[in-house]
Amino acid sequence: MEERSIYLKFFRVVVLFLLGLRTSSAFCVVGSTDEQPLSKIAMHKVTLGLRESVTIGASPVVLGLQGQDTEWVTVNIVNPDPSEDDWVAVFSPANFKGVLFWNGSASTCSPVNDEDQTPYLCSSPIKYKYANASRTYTKTGKASLKFQLINQRADFSFALFSGGLSNPKLVAESNFISFANPKAPLYPRLAQGKSWNEMTVTWTSGYSIDEAVPFVEWGKGETQTQSPAGTLTIDQNSMCGSPARTVGWRDPGFIHTSFLINLWPNSVYTYRMGHVLSNGSYIWSKSYSFKSSPYPGQDSLQRVIVFGDMGKAERDGSNEYSDYQPGALNTTDQLIKDLKNIDIVFHIGDLSYANGYISQWDQFTSQVEPIASTVPYMVASGNHERDWPNSGSFYENMDSGGECGVLAETVFYFPAENRAKFWYSTDYGMFHFCIADSEHDWREGTEQYKFIEHCLASADRRKQPWLIFAAHRVLGYSSNSWYAQEGSFEEPMGRESLQKLWQKYRVDIAFYGHVHNYERTCPIYQNQCVNSDKSHYSGTVKGTIHVVVGGGGSHLSEFTTAIPNWSIYRDYDWGFVKLTAFNRSSLLFEYKKSRDGKVYDSFTISREYKDVLACVHDSCEPTTLAS
């Protein structure tokens with residue numbers, strides 16, 4: 001198997017080289033970008049050119065006076081010598097100059113790739129915007145820009161640079177501004193615990209356990225209880241490489257997780273995060289609420305959202321995110337709009353696309369907070385979270401920007417036995433989910449393969465008839481252009497080992513991201529459609545429906561022009577899937593576009609328990625004629 005693996009990898013590299021493509025783990029698409037916007041700044045080329053005639057100021061000086069965790073800031077610029085490539089950077093912490101230049105002052109940053117560069121920018125800004133976003137800037141030398149800031153545990157300042165992103169020269173710096181309490185507990189993320197009646201609350205703050213004790217106050221109605229929280233943090237040395245270990249590093253704060261146990265099924269609970277300071281005073285978050293999970297097998301209306309590869313975007317137009325994650329806000333806003341009709345969300349890999357710029361994780365958790373604070377936000381690992389050479393990932397590329405999984409495994413909770421092995425199972429009423437980790441080996445004989453089989457086998461199909469498999473990379477079927485050029489219509493070695501498990505345990509639907517579009521197959525086994533219907537399926541489960549739902553927000557991926565006979569519906573657009581289980585016999589599948597929230601593809605499944613038990617090809621229980 002090892003020789004075959006090496007051969008296949010070598011063959012794949014040669015083919016892609018001849019085609020002039022990147023490998024599928026870090027694909028590019030004509031007319032779009034896969035480059036983190038902050039990585040465009042040539043920080044090692046920054047020079048100092050402060051001019052008294054150039055001014056930049058920010059207001060208000062104190063943010064969040066009413067407890068807000070986000071606020072709009074006005075930045076005013078006066079520059080007698082404006083240029084269209086002038087740009088404004090937001091730095092946090094605000095005192096970036098102290099570590100910006102090698103000028104005899106205290107500076108402890110390390111050069112990238114061991115190259116001694118003078119002067120040297122130690123830390124990337126958290127966002128930037130071109131000054132000519134104010135249309136009169138190049139004519140008048142005056143601009144008024146709006147930035148939306150979120151509380152990120154430190155103060156902020158703004159800097160005006162000339163020379164574009166490739167040859168930046170610092171010409172002016174602003175006053176400092178800050179949130180009233182920069183350490184406040186923020187951005188709660190709910191997740192299912194390891195038991196159906198357990199909910200976890202994870203949040204971020206600036207309080208270490210030596211400074212304050214974290215907890216969650218929660219309950220039904222006026223009956224409230226307090227549960228302690230564990231605290232984790234991340235240091236720079238735990239990063240695997242640049243930029244996460246160098247210019248992209250920013251202190252991610254303290255990550256707290258509390259376990260709310262013995263929940264009553266389908267019940268509404270309120271909660272808020274708190275910290276007890278050493279002087280006995282309390283710091284509180286806003287109040288939130290959630291509905292607990294139904295009992296496994298409980299017959300009630302249950303609604304599930306699935307998508308991948310969303311990323312983040314900036315509502316203030318910063319960072320050119322319209323090119324990097326153009327659909328992210330549309331997807332986020334559609335989910336927020338329909339939140340009362342959603343019970344649980346699965347974001348199957350490529351979460352923030354921080355790619356080693358740690359500040360972006362705060363901004364992503366802020367973006368999804370309205371969703372993740374209300375319903376469980378379950379995540380999977382993608383190449384942009386995990387992959388880094390010589391770090392244990394299955395793929396030896398640099399897609400994580402040096403994070404090598406550490407941020408995703410810490411910022412979000414998921415009920416895995418080992419957080420470094422990002423595979424787990426979870427139940428939600430009539431659904432049983434098996435979440436795989438495509439950034440670790442899944443082939444037969446591996447630890448993960450054994451988990452996948454155990455997870456699929458453990459589903460009680462009488463109580464939980466809807467069995468769902470999910471992974472980031474396409475381990476099933478996709479007619480994306482580069483998969484077609486490789487000839488396999490899948491991630492190399494993707495389904496060879498797994499398809500017999502899907503068939504044996506009669507998996508209903510398998511979901512994937514990584515490919516930034518939408519595609520649905522027929523019920524399929526070994527490349528053959530086993531059902532000719534397209535909109536309604538009933539009776540015996542003869543094959544698995546495979547769905548690519550990687551259009552959560554990142555730049556789109558093109559399809560091959562030839563449409564395989566197993567491809568039922570394809571869409572080159574951003575969107576997500578909604579599953580609605582009405583009972584144990586009826587399931588509705590809907591694909592919705594992020595631009596308008598309307599349904600563009602759908603089907604229904606109707607069946608009885610005996611249909612799951614029925615003998616089908618390569619999935620029959622042994623029988624005997626003995627009486």
Side-chain angles (χ1 to χ4, degrees), residues 60-71 91-95 98-99 106 108 123 126 149-157 176-191 193 198-219 222-238 249-261 269-289 358-359 361-363 365-366 369 372-373 406-407 409-413 419:
V61 175
V62 181
L63 312 176
L65 288 173
Q66 304 301 317
Q68 311 98 307
D69 53 34
T70 180
E71 194 159 335
F91 285 94
S92 180
N95 188 22
V99 292
T108 59
S123 181
I126 62 172
L149 299 184
I150 65 167
N151 193 338
Q152 291 188 254
R153 301 169 308 282
D155 52 5
F156 303 86
S157 66
F176 293 3
I177 65 175
S178 177
F179 277 85
N181 180 11
K183 294 185 176 184
L186 297 170
Y187 318 129
R189 288 88 72 183
L190 299 175
E198 179 181 52
M199 186 73 77
T200 67
V201 182
T202 299
W203 73 97
T204 306
S205 86
Y207 293 109
S208 71
I209 56 175
D210 296 327
E211 188 177 6
V213 178
F215 65 96
V216 170
E217 184 177 85
W218 61 284
E222 295 182 359
T223 304
Q224 300 287 304
T225 187
Q226 293 182 351
S227 294
T231 299
L232 298 174
T233 191
I234 301 167
D235 59 52
Q236 193 167 356
N237 290 334
S238 64
W249 171 254
R250 185 181 188 275
D251 188 340
F254 298 94
I255 313 300
H256 316 281
T257 299
S258 182
F259 297 81
L260 316 186
I261 61 174
Y269 290 85
T270 60
Y271 73 97
R272 59 177 177 167
M273 301 90 72
H275 293 261
V276 184
L277 301 181
S278 56
N279 63 7
S281 62
Y282 286 75
I283 302 295
W284 294 104
S285 73
K286 295 183 291 186
S287 292
Y288 303 88
S289 66
I358 312 304
S359 64
W361 282 97
D362 281 322
Q363 294 173 27
T365 54
S366 173
E369 183 211 29
S373 64
V406 175
L407 268 297
E409 294 161 12
T410 308
V411 171
F412 284 89
Y413 176 84
R419 299 284 284 278

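Just so it is clear, the structure is predicted and the values come from calculations on it, not from any experiment. Heavy-atom basis, side chains included; hydrogens, waters and symmetry copies ignored.
Here the straight-line distance linking atom CD1 of Ile177 with atom OG of Ser92 works out to 9.5 Å at 0.5 Å rounding. Once rounded to the nearest 0.5 Å, the distance linking CZ of Phe176 with CG of Asp155 reads 6.0 Å. Here CD of Gln66 is found 9.0 Å from CD of Glu71. Values are rounded to the nearest 0.5 Å. Within the model, atoms CZ of Arg250 and CG of Asp362 stand 6.0 Å from one another, a figure rounded to the nearest 0.5 Å. Note: Phe412 CZ to Thr365 OG1 = 6.5 Å, rounded to the nearest 0.5 Å. Tyr271 contributes atom OH, which lies 10.0 Å from atom CH2 of Trp203 (distance to the nearest 0.5 angstrom).
Minimum heavy-atom separation, Ile283 to Tyr207: CG1-OH, 3.5 Å. Shortest non-hydrogen contact noted between Ser157 and Ala94 is OG-O, 2.8 Å. Residues Ala229 and Ser258 come closest through the heavy atom pair CB-CB, 3.9 Å. Of all non-hydrogen atoms in Gly206 and Glu211, the two that sit nearest each other are O-OE1, 4.0 Å.
Using modelled atom types, one side-chain atom of Thr410 and one backbone atom of Val406 make a donor-acceptor pair closer than 3.5 Å. Listed for the Arg419 side chain is a donor-acceptor partner under 3.5 Å among the backbone atoms of Glu409. When atom types are taken as modelled, the side chain of Gln152 and the backbone of Ser359 share a donor-acceptor pair closer than 3.5 angstrom. Judged purely by atom type and a 3.5 angstrom limit, Ser205 has no side-chain atom pairing as donor or acceptor with the backbone of Ala184. Remark: side-chain polar atoms of Ser178 are not paired, donor with acceptor, to backbone N or O of Val62 under 3.5 angstrom. Judged purely by atom type and a 3.5 angstrom limit, Asn151 uses its side chain to pair as donor or acceptor with the backbone of Asn181. With Ser281 contributing its side chain and Leu277 its backbone, the two residues share no donor-acceptor pair below 3.5 Å.
Proximity of Leu149 to Thr70: side-chain heavy atoms (C-beta onward) are nowhere separated by under 4.5 Å. Looking at Phe254 and Lys183, their side chains never come closer than 4.5 Å, going by heavy atoms from C-beta outward. Within the 4.5 Å cutoff, side-chain heavy atoms of Thr225 are placed close to those of Trp218. You'll find the side chain of Ser227 reaches within 4.5 Å of the side chain of Leu260, heavy atoms only. Within the 4.5 Å cutoff, no side-chain heavy atoms of Pro252 are placed close to those of Val411. Counting heavy atoms from C-beta outward, Tyr187 and Trp361 have side chains that stay 4.5 Å or more apart.
Remark: Leu65 CG is packed, more than 12 non-hydrogen atoms of other residues, nucleotides or ligands lying under 6.0 Å away.
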Would you please test Leu63 and Gln68 for side chain to side chain contact (heavy atoms under 4.5 Å, CB included) and show each step?
CA-CA 8 Å; Leu63 312 176; Gln68 311 98 307; over 6 Å; no

Between Leu186 and Arg153, is the side chain to side chain contact (heavy atoms under 4.5 Å, CB included) condition met? List the steps.
CA-CA 10 Å; Leu186 297 170; Arg153 301 169 308 282; over 6 Å; no

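Among residues two or more places apart in sequence or in another chain, the side-chain hydrogen bond (donor to acceptor under 3.5 Å, both in side chains) test is passed with Ser278 by none.
Judged purely by distance below 3.5 Å, without hydrogens or angles, the side chains of Asp210 and Ser208 never pair a donor atom with an acceptor atom.
Just one residue in the list Thr200, Thr257, Thr204 forms a side-chain hydrogen bond (donor to acceptor under 3.5 Å, both in side chains) with Arg189, and that residue is Thr204.
Between Trp284 and Phe215, a ring centre-to-centre spacing shorter than 6.0 Å is recorded.
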